[in-house]
There are 4 protein chains.
Amino acid sequence: MTGTEQLSVAIVGGSGYAGGEFLRLALGHPHLNVTQVTSERSAGQPVALIHPNLRGRTNLKFRKAAELEEADILVLALPHGSAAKRLAEFEGKARVIVDLSADFRLKDAELYRQYYGEDHPAPDRLGEWVYGNPELHREELRGATRIACAGCFATSVILPLYPLLKLGVLLPKDIIATGLVGSSAAGASPTEASHHPERAGSLRVYKPVGHRHTAEAQQELPGRFPLHLTAISTPRVRGILTTVQAWIPDGYSDRDVWGAYREVYGAEPFIRIVKVARGIHRYPDPMLLDGTNYCDLGFEMDMDTGRVVLMSAIDNLGKGTAGHALQCLNIAHGWPETAGLEFAGLHPA
Amino acid sequence: MTGTEQLSVAIVGGSGYAGGEFLRLALGHPHLNVTQVTSERSAGQPVALIHPNLRGRTNLKFRKAAELEEADILVLALPHGSAAKRLAEFEGKARVIVDLSADFRLKDAELYRQYYGEDHPAPDRLGEWVYGNPELHREELRGATRIACAGCFATSVILPLYPLLKLGVLLPKDIIATGLVGSSAAGASPTEASHHPERAGSLRVYKPVGHRHTAEAQQELPGRFPLHLTAISTPRVRGILTTVQAWIPDGYSDRDVWGAYREVYGAEPFIRIVKVARGIHRYPDPMLLDGTNYCDLGFEMDMDTGRVVLMSAIDNLGKGTAGHALQCLNIAHGWPETAGLEFAGLHPA
Amino acid sequence: MTGTEQLSVAIVGGSGYAGGEFLRLALGHPHLNVTQVTSERSAGQPVALIHPNLRGRTNLKFRKAAELEEADILVLALPHGSAAKRLAEFEGKARVIVDLSADFRLKDAELYRQYYGEDHPAPDRLGEWVYGNPELHREELRGATRIACAGCFATSVILPLYPLLKLGVLLPKDIIATGLVGSSAAGASPTEASHHPERAGSLRVYKPVGHRHTAEAQQELPGRFPLHLTAISTPRVRGILTTVQAWIPDGYSDRDVWGAYREVYGAEPFIRIVKVARGIHRYPDPMLLDGTNYCDLGFEMDMDTGRVVLMSAIDNLGKGTAGHALQCLNIAHGWPETAGLEFAGLHPA
Amino acid sequence: MTGTEQLSVAIVGGSGYAGGEFLRLALGHPHLNVTQVTSERSAGQPVALIHPNLRGRTNLKFRKAAELEEADILVLALPHGSAAKRLAEFEGKARVIVDLSADFRLKDAELYRQYYGEDHPAPDRLGEWVYGNPELHREELRGATRIACAGCFATSVILPLYPLLKLGVLLPKDIIATGLVGSSAAGASPTEASHHPERAGSLRVYKPVGHRHTAEAQQELPGRFPLHLTAISTPRVRGILTTVQAWIPDGYSDRDVWGAYREVYGAEPFIRIVKVARGIHRYPDPMLLDGTNYCDLGFEMDMDTGRVVLMSAIDNLGKGTAGHALQCLNIAHGWPETAGLEFAGLHPA
């Protein structure tokens, strides 16, 4: 690449929240030129009609996927199952494909069947995709042309656990992750559950057991241990706060947790360890991360019991989806890893 | 009536928010016995499935309107137009009918056509209905068998203005009412506009001009003056806060406003004048009124310009709809006016 | 007691949220007559100035505690430590004392010292108080004159676990409870942490380990097992949603959980089992409980791992504090247990 | 200036929200180098402790104002009155001073006394300051060294009215502006009014008459007409939505309003006219503007009455304060006007 490289990008399924967020980020990226955005339902309309934050920022109009022309990069923001079923169609259009859905995240077609309830449409292709998480797969991402962007809740579970499991700082006991998730994670289509009067004041346990991202997290995390996920929706629009309950071995202390995070994430541009003794913002809080690509991590220990509470906060549309995807693309193309991802977040917010 | 009188009530269209709120109130009323609740879509299901606050409070199930049996009182909570078109059907079922829709509020069929865009289905029947506002029509409500419950925004405009216009405390100049309205006022059906991620943080001007309740307010308020309404949706679920900008004649002061309110509303059980010099709750605030039948009124004057800012707060489903309707029924039947409407509201809330 | 019994009640520390909520409930109680409310800071002012929901409901004014006169019942809503230190003062004023603080909840003075960081001011008196939880201590509460109202988070942990531990439906493994708590639980005094711009959008882990209510829950729950609590503040004002992660033995299923709840709570007036297969309100949700005395319980099982996720929802000021206290008083005096606690909660809310 | 010019900037009073927002923007500005941030209360602490969104973005620590060293630009984010009283102190430190307070906005010391209740500390200096509003004073801002940044509510009133009054599209009748304001506008210090349980659900009329920004708006807007302001606080943290009720002369239509906006604001980089016939985002909405420097304008007409409802939306900390100030600095120094102000805002948000 050179400092002036410009690649064209087409966003397929651009009227949803993940596609819209990627569009926002790509419009401010020095090496990307968004040339096409598709939406079956809104074809012909300006993208700013659906994403009104982009008024004055782009004159792009939605087109139908059938009208898709070639581009350097294709970003697929489609419902689960679509990317795998229409893979040939998309591979004819671009050299690089980033899929934001769950279709190519799992390496094991059987696991896919178990969690998604149907046979994988392209099981022999699963091995070609890199799991889109820079902290775990940076080297594989360099030059990658097939990137399966990590799931948002999965990311909030994987990032706090990875260094500790990798370096043996946790016991192989039951690990429990509880995710508090904003409403945008359920997508842009209105439902009874998303109707404002039913949702605005709600704390709704929507997936107490059996969350699909368990499979991703188990695949990506080192070692064998029981991992349990519970997901609760909150009145926030964006953001995930995940608390992870785990146990450290005798003789270990919070210094070992600190050490593991520093060793593994010390050079990471989007991981911050938040554990402050003063003030009111002592631990990770998604309030501070809307629009950013950060994953803030924190922890606290109960020395009497060996319990450690890990905490992670992300923007589900940022580090949870579109920001994460752009970070992967930056790595794949050798661009500065933070390009297009500079927004610091707001305070107050 | 006697102290033990029990009348049966059927709620038609009981899966919406207005019907559900009337159901909640009626279940706690000493003289009402809810025997039927209809819903075309949820027929056969327990009402508590749709109104989960009523779990353990009632075993009623929804039935279809076609299965409606006779009752003493029919409460119609249907979309605008339905009550008027199906009037004969409903009149065969009960002696007393309360309509929560706009169908019989206006006395003038031409005004109806102008604001609702079609000919009134039963224009010759308009004169038979009492406009369901106890503060203005208490005497007509006694013994009434046809009650057209006042509109929620209209109520929040009428109640602060009525005493001042009646007693000549306002100039016949332009009066401007700005209503901040909760999301429940748009009903129980999900739409793109009510999708939580689009609505939770929104301050959305949804009816800057041409609000239909202008007609009701003009009909009910004494005198001739230009009345202008603007409606804005807020992140609250319930509640309307309306500020009314008006002008008082030279020589008048806030004492005259106080006096008018005291004279006209001094004995009203559900009107409170809120104008406090200390503390943080100095004016009406819908936060305090969820679930209640109060209309809180306040005001402030600018002596330099003669401008007076009137303020009203209600729960749109309480004093704005279902509570108001129950208060009318209490009057119609000679029951204590506050029966079933005793809830004080919460603080904090 | 007789149907017309009227006891006088004085609320000490009535300008806070717990005292205010008890006042609201007591004003609507058929056998209670609130005669005094104290507040050092607001002495001389109408209680409705601080609790504006009570405008028009009471003309009571705050007085100083030093001016307290005798009453039948004293409800102490003071900061932790005050009740124990001033016990003699209060015992001279009333036959029945209900303490809403933590002072007399623990039976073990050593445990108190460990969790509250100081010696208990009246350790020899601990045995005289009944732990104010009707579901566990109904018989002891009959005729009780010293009631130590249970903690709000503790209640949300104890109620879902008690039947299962009592009947041996859980393994003696680590149990983890994660509580999502509204801002009113931190009291009525402004702090930096409660400043609206810092709190409105926040999901803040405020007590990942070491929560004081661990001690209460351990004391009240049968059996020996490690209990771990994590508390997170949410943007709600009222309400606690607690998820409890526990494990059932081989051969047990959700039928056993159902069975235990039915056996132990089948006749409880304020416990509802919420586990619905249809609709959007499938599990307990504090949204529906503001102002009520309900504790809604639900659960879901992961048959592959034996994990069971228990869920409880309460209003922290209702079943969590003031409602719970009133239920205890009803039992203590032989009044109907639901007297004054009839509010059903709102939907939508 | 050259493309690589770097000026040092010191923020005085940087622990508040306005100072913090300016700091966030300045850290991303190509020509600004923040070298000092003062805070009396937090001196010695990292700025990221108070503004946690800036973790990892800056290592700056607060210092006391007494330790202030010279800089090219001083941004004063102090309480009203401080800048004027300590002007000599600040003028010794920098060539360029931007004041975010109200001290130097009014040209008329008598008007200041009337609205701020005390004599102006430096009345002879008022004429030296440019009112910091680029749309009205761009030419004066070029090369300016004393900039008094416009008030946030004033800006939301001035921008929708200015073109219409300048071009005679409005009648000289009473104009009424109603502002819905987020909680951050009241600053970073906790009060009873800002306590989350009291504010989260509140719609609070906090300034029905007599708002100080009336003076600014009257000063800046052409023509003589009565201007009336009412301010209401909403549950949002950021943002102002202002509706302005005004009247157009006979023979004028919405084309004239469009025309005036196009003529006066056609080249403005931060003004967008939002008036869309389709979709759910038809008018300005502060939800879309958090963190941006936009002022979105819209309007709707009632042809029967000649009433026009103007609408404006801003982020009170963006275009309302810190963004506005930076835009002024960009103009003053001949930098690209959008430098550092590129953030598009989020959707959903």
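Throughout, a chain's letter reflects where its sequence line sits, starting with A, and its residues are numbered from 1.
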Heavy-atom count around C:K61 NZ within 6.0 Å, excluding the residue itself: above 12? no

Please look at C:R278 and chain B and tell me whether the side chain, the backbone, both or neither of the residue comes under 4.5 angstrom of a heavy atom of that chain. both

For the pair B:R238 (side chain) and C:P348 (backbone), establish whether a donor and an acceptor sit closer than 3.5 Å, ignoring hydrogens and angles. yes

Contact between C:E342 and B:F343 at the side-chain level, heavy atoms closer than 4.5 Å - yes or no? no

Determine all donor-acceptor pairs shorter than 3.5 Å in which one atom belongs to a side chain in residues 45-56 of chain B; sequence neighbours excluded.
residue: B:H51; atom: NE2; partner: B:G14; partner atom: O; Å: 2.7
residue: B:N53; atom: ND2; partner: C:G345; partner atom: O; Å: 2.9
residue: B:R55; atom: NH2; partner: C:H281; partner atom: O; Å: 2.5

Closest-packed option against chain B by number of heavy-atom pairs under 4.5 Å, given C:T292, C:V274, C:L317: C:V274

Can you tell which part of C:A349 gets under 4.5 Å to a heavy atom of chain B, answering side chain, backbone, both or neither? backbone

Find the one option among C:V237, C:L346, C:L288 whose heavy-atom pairs under 4.5 Å with chain B are most numerous. C:L346

